[in-house]
Amino acid sequence: MTVLGIETSCDETSAAVLRDGTILSNVTTTQLFHSEYGGVVPELASRAHQRLIIPVVEEALRNANVGKDAIDVVASVYGPGLIGSILVGLSFGKAFAMGRGIPFVGVNHMEAHVVSNLIEDPKPSFPFVNLTVSGGHTQLCLVRSALDITLLGETRDDAAGEAFDKVAKMLGIGYPGGPAIDRLAGEGDPAFVAFPRPYLEDHPFEFSFSGLKTSMLYYLRRERITTDTLRNDKRLLANLCASFQSAVVDVLIQKVFLAARKFGVMDIAVAGGVAANSELRRRLSEEAGRAGLVLCVPAFEFCTDNGAMVAMMGYLKAREGIFSSPELAAEPNLEIAQTG
Ligand code: KG4
Ligand code: ZN
């Protein structure tokens, strides 16, 4: 079975070809121009998807050495995400399928992130706990099988990546801020400021990062630290990055291992752009080793938004005979089923 997977839910236009569970190509174009505005501008994102979707799909087919006629199933994301952006990939996918008379599968973007862990070896064994941390989401899931994913908890306010990006803006180090904070934090002292760790004991699998961002703001105000101060004091900048990053990582780690213990799983997995964070990876692997758990982190190209994870989810659904109607609508707030 050869599947074309399409992802356009935010600012990445991506397409991939998968054959019988193996990825043959994955082409992702990131719309870098949003950095000028300090964040994704929805209208500009959908216009760029419109411009890019055909060349990206053509490149994915070319790289896979597969003609349009060889595609058996098309899968596109139908939510969650920016409605105008989703509509481009969804309409394209449905039209491609209809034009060729082949089945179409609608894919939940957050479920696709979870199965990005099933693309390459080593793969986690079921059941596993998955943490998806990106610019738009922070979700902890229990994965009993690829088609049985339960949401344990998510963020109440800012996503982890969003917190990185907002704090980076306060510190004057640009957008997206995650990679910059990660790089600078490597030179800093994580104990320089004791930022709060919002563990939310009554809701152990939920997250809240907006208070942490506010703590940074108040700290900068109280100490009269401006972006000019930080431009001239690299040591201070590195210390603030390290202190902020360690607070975020402490919270993420504590909840992942709490979930692993509660549900008695032996495998844990991470997905999303923040999974690139070196401190998060280092601590996860250290703690997993200590707890005797297996840790899986996809290659970076499958952590950020990509067509390959959509093709994988499309394949897993199609294999079970799960297809979508051509009337499937975009759902910007689509959720993963939550525990009762
Ligand atoms: O998954 P992604 O590419 O896009 C979506 O949000 O869907 O994630 C992007 C997020 C941004 O917030 C970015 O700052 C963050 O991932 N990020 C990082 C790192 N690399 C990317 N955050 C922390 N450390 C990193 N090394
Ligand atoms: Zn995503």
Side-chain angles (χ1 to χ4, degrees), residues 5-14 26 28-32 34-35 38-40 42 45 49 76-82 85-86 89 107-117 130-139 141 154-155 158-171 173-186 188 190 207 209 212-213 241-242 244-253 270-284 297-310 312-313 332-336:
I6 296 168
E7 156 62 41
T8 63
S9 65
C10 189
D11 61 341
E12 265 99 18
T13 314
S14 186
N26 182 47
T28 303
T29 306
T30 302
Q31 303 171 7
L32 296 170
H34 293 290
S35 61
V40 177
H49 286 306
S76 294
V77 162
Y78 71 107
L82 302 169
S85 291
I86 298 168
V107 167
N108 179 324
H109 175 83
M110 299 313 296
E111 295 183 352
H113 269 302
V114 173
V115 304
S116 66
N117 280 292
N130 179 83
L131 172 72
T132 301
V133 263
S134 70
H137 298 273
T138 303
Q139 291 191 338
C141 293
E154 60 189 330
T155 185
D158 292 347
E162 191 179 355
F164 269 95
D165 294 338
K166 287 179 175 170
V167 163
K169 211 168 184 174
M170 281 179 213
L171 301 177
I173 51 177
Y175 173 87
I181 291 186
D182 188 357
R183 205 168 45 249
L184 288 159
F207 303 84
F209 292 112
L212 180 55
K213 172 194 71 191
C241 287
F244 164 76
Q245 179 174 276
S246 90
V248 175
V249 170
D250 276 353
V251 172
L252 296 176
I253 295 272
V270 206
V274 184
N277 185 268
S278 49
E279 180 67 6
L280 178 62
R281 283 173 175 249
R282 189 185 65 75
R283 291 272 312 279
L284 276 170
V297 188
F300 187 64
E301 75 169 301
F302 304 128
C303 278
T304 54
D305 289 350
N306 65 88
M309 65 185 190
V310 181
M312 178 57 83
M313 194 45 148
N333 301 316
L334 183 66
E335 291 182 355
I336 291 183

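Order of listing sets the numbers, starting from 1, for every ligand and every atom in it. The structure displayed is predicted, hence computed values, not measured ones.
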Inset, instruction - Evaluate the side chain to side chain donor-acceptor pair (under 3.5 Å) criterion for residues Thr28 and Asn306: first the C-alpha distance (whole Å), next the side-chain angles of each, then the deciding distance (0.1 Å), finally the verdict. - result: CA-CA 6 Å; Thr28 303; Asn306 65 88; over 6 Å; no

Inset, instruction - Check whether any N or O atom of Phe300, backbone or side chain, sits under 3.5 Å from an N or O atom of ligand 1, and answer yes or no. - result: no

Legend entry - Distance-only N or O hit between ligand 1 and Phe164, under 3.5 Å: no

Inset, instruction - For the residue pair His109 and His113, categorise the inter-ring angle as parallel (less than 30°), tilted (30 to 60°) or perpendicular (more than 60°). - result: perpendicular

Legend entry - Numbered atoms and elements of ligand 1 in range of Gly136, under 4.0 angstrom, heavy atoms: 6 (O)

Legend entry - Counterpart residues, salt bridge (charged side-chain N to carboxylate O under 4.0 Å, His left out), relative to Asp158 (two or more places apart): Lys166, Lys213

Inset, instruction - Report the protein N/O/S neighbours of the Zn ion (ligand 2) that fall below 2.8 Å; do not count waters. - result: His109 NE2, His113 NE2, Asp305 OD1

Legend entry - Contact check: Ser278 vs ligand 1, nitrogen or oxygen atoms, below 3.5 angstrom: no

Inset, instruction - Compute the shortest N/O to N/O distance between Gly273 and ligand 1 and return yes if it is under 3.5 Å, no if not. - result: yes

Inset, instruction - Check whether any N or O atom of Glu12, backbone or side chain, sits under 3.5 Å from an N or O atom of ligand 1, and answer yes or no. - result: no

Inset, instruction - Please say whether Thr304 places an N or O atom under 3.5 Å from an N or O atom belonging to ligand 1. - result: no

Legend entry - Min N/O separation Gly272 to ligand 1 under 3.5 Å: no

Legend entry - Min heavy-atom dist Ala276 to ligand 1 below 4.0 Å: yes

Inset, instruction - Would you check whether Asp305 has a nitrogen or oxygen atom less than 3.5 angstrom from a nitrogen or oxygen atom of ligand 1? - result: yes

